[in-house]
There are 2 protein chains.
Amino acid sequence: MVRKPTSKESARKPNMREAILAAAEELFATNGFNAVSVRDIAQAAGANPGSVTYHFKTKDGLLLEIYRRHCGPMNLRRSELLAAAKRVRDLQDRLEAIVRAYVVPAFTSGSDLAGGGARFTRLRAVMSAEGNEVARKIIAQTFDDTSHAFIDAIHESLPHIPRTDIVWRSHFLLGALYYSLVTPDRVSRLSRGEADGSDPANAIEQLVQATVAAFQAPPLDQAASARRRPVVSNKT
Amino acid sequence: MVRKPTSKESARKPNMREAILAAAEELFATNGFNAVSVRDIAQAAGANPGSVTYHFKTKDGLLLEIYRRHCGPMNLRRSELLAAAKRVRDLQDRLEAIVRAYVVPAFTSGSDLAGGGARFTRLRAVMSAEGNEVARKIIAQTFDDTSHAFIDAIHESLPHIPRTDIVWRSHFLLGALYYSLVTPDRVSRLSRGEADGSDPANAIEQLVQATVAAFQAPPLDQAASARRRPVVSNKT
DNA sequence: ATGTGATTTGTACTATCGTACAAAAGATCA
DNA sequence: TGATCTTTTGTACGATAGTACAAATCACAT
């Protein structure tokens with residue numbers, strides 16, 4: 001009989017299941033899915049390999065549970081911030097608030113906080129790069145709603161920009177966001193130590209500032225693309 | 001091109017070595033390094049697993065050779081385009097030309113062309129996400145020069161923007177570029193079929209337009225960051 | 001045609017992978 | 001305490017990984 005935890009959760013270690021999830025999250029996010037073995041995860045969590053099988057059945061199941069754990073709270077948080085942002089009167093300020101609502105939850109460093117977090121965002125970036133099938137399915141059915149909500153909100157504050165352009169630019173935003181979390185050291189290196197790529201507050205401000213300007217760029221209509229004949233044409 | 005094919009080069013198939021390189025490039029770029037086995041590569045190239053060992057010694061050696069093959073020509077191409085871009089008089093046009101010089105070689109679809117190409121760029125994106133050690137070493141010592149050259153050029157056409165900001169924004173550009181090549185289908189999906197994320201010409205124009213605007217955004221100085229107190233502060 | 005060196009094949013070895021499963025240990029409550 | 005359920009451990013199995021290596025095969029100068 002499956003009983004709900006009556007008074008308190010019991011385990012020899014504080015919570016082995018959580019430890020495994022945290023370890024897997026960290027290892028997957030930094031090394032990718034295939035490079036990390038179940039034994040690696042177990043060792044990092046101070047657990048036995050068999051425990052992973054017991055709690056999550058398979059390695060895919062473990063990844064699935066990581067997504068399940070984060071997706072709900074993260075989208076909730078984003079919805080709240082988006083709703084607040086949409087109440088901003090000034091259109092320019094509203095656009096910035098919307099972008100901030102999208103970016104900030106992705107950078108939060110709270111490890112206890114279930115929703116969002118830089119580690120989970122980085123995990124998603126790596127999984128998307130690896131074309132992970134488990135992640136791909138979840139992403140499409142969980143994040144597209146949120147993405148559409150943000151795109152619509154941005155579109156409302158920039159009515160003269162075609163929706164297509166906004167989609168492209170929000171795609172670029174996500175790419176920039178991902179990459180900032182994947183290789184923050186590159187920023188420090190290229191700036192010769194003048195900037196700290198690992199500082200989330202820094203990254204957020206830079207990203208918001210650059211992205212708002214990108215969204216406000218003139219639309220890419222026929223006239224514009226006809227005006228600028230490319231120096232180097234691409235193979236069609 | 002016609003060297004002496006005397007006693008040095010010969011193979012039963014047109015060129016098995018090339019076939020293996022091409023197959024590995026394709027598989028690594030779409031599935032990551034660890035998800036692809038040497039046997040997968042051999043099969044895709046119509047070769048025997050032993051052939052891979054013969055030509056490249058190890059799996060790492062194969063990846064290394066892929067980078068070696070592409071890095072030189074790609075950087076050369078970029079240098080040429082950058083030099084041409086720097087000769088543009090008008091500062092606004094010059095900035096766009098510089099960005100284009102950076103972006104265009106990364107999207108070229110020529111498979112015979114050794115320099116650059118979308119496939120190799122995507123490969124780099126995936127390797128960077130996976131934190132691949134072989135790739136990391138090569139990248140740092142091969143691409144940083146080029147990156148600095150572009151950053152300097154952009155800085156010259158935007159003298160009032162601090163170099164730090166330019167580094168961040170060019171970092172975002174690379175992230176957006178990578179992500180566009182990794183998951184082009186997402187653009188098609190989110191735009192509900194109105195845009196084709198797989199069309200390189202389209203991606204280039206959108207990326208150039210958005211990036212130029214991002215570079216031209218006002219600098220992120222003390223005044224700006226003080227003015228906008230964040231809605232949600234991040235853990236320091 | 002034949003010898004020679006370059007390439008390809010076939011196979012085998014060892015390590016490690018994900019996972020299954022029985023036994024041990026811990027927790028819970030009559 | 002003893003019965004029962006949950007969790008952890010230890011171990012093993014089949015599959016597959018990267019790589020080594022000898023034999024077979026090919027291209028070509030002689």
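Note on naming: letters A, B, ... go to the chains in the order of the sequence lines (proteins, then strands), and numbering restarts at 1 for each one. Predicted model only: the values in this text are computed from it and were never measured.
- Here the P atom of nucleotide D:dA27 and the CZ atom of B:Arg17 are 19 Å apart, to the nearest Å.
- Distance from the side chain of B:Val38 is smallest for D:dT19 among the nucleotides C:dT19, D:dT19, C:dT8.
- Look at CD1 on A:Ile41: it is 8 Å from P on C:dG18, rounded to the nearest Å.
- You'll find that the side chain of B:Lys59 is closest to D:dT19, out of D:dT19, C:dT19, D:dT8.
- Distance, B:Asn15 CG to C:dT8 C1': 13 Å, rounded to whole Å.
- Between the B:Ser51 side chain and the B:Ala47 main chain, no donor and acceptor come within less than 3.5 Å of each other.
- In this structure, B:Gln43 atom CD and C:dG10 atom P are separated by 13 Å, rounded to whole Å.
- Map A:Gly50 and A:Phe33 each onto its nearest nucleotide of DNA chain C; the residue landing nearer the 5' end is A:Phe33.
- Comparing C:dT8, C:dA20, D:dT19 by their closest approach to the side chain of A:Thr53 singles out C:dA20.
- Using modelled atom types, no side-chain atom of B:Ser188 and backbone atom of B:Gly193 make a donor-acceptor pair closer than 3.5 Å.
- Not one side-chain nitrogen or oxygen of B:Ser37 sits closer than 4.0 Å to the OP1 or OP2 atom of D:dT16.
- The phosphate of D:dT6 has neither OP1 nor OP2 within less than 4.0 Å of any side-chain N or O from A:His55.
- The side chain of A:Thr58 approaches C:dT19 more closely than any other nucleotide in the set C:dC17, D:dG18, C:dT19.
- Distance from the side chain of A:Arg39 is smallest for C:dC17 among the nucleotides D:dA17, C:dG10, C:dC17.
- Seen from the ring of A:Phe33, A:Lys59 counts as a face-on cation partner, given the 6.0 Å and 45° thresholds.
- Side-chain atoms of A:Thr211 do not come within 3.5 Å of backbone N or O of A:Val208 as any donor-acceptor pair.
- Both B:Pro49 and A:Asn34 lie close to DNA chain C; mapped to their nearest nucleotides by heavy-atom distance, the more 5′-ward contact belongs to B:Pro49.
- Remark: A:Asn48 is not in phosphate contact with D:dT8, judged by side-chain N or O atoms under 4.0 Å from OP1 or OP2.
- A:Phe56 places its CZ atom 18 Å from the C1' atom of C:dA20, with the value rounded to the nearest Å.
- Taking 4.5 Å as the limit, some side-chain heavy atom of B:Cys71 sits within range of a side-chain heavy atom of B:Phe143.
- Relative to the side chain of B:Tyr54, the nucleotides D:dT8, C:dA6, C:dT9 differ in distance, and C:dA6 lies closest.
- Separating the CD1 atom of B:Ile20 from the P atom of D:dG18 is a distance of 14 Å, rounded to the nearest angstrom.
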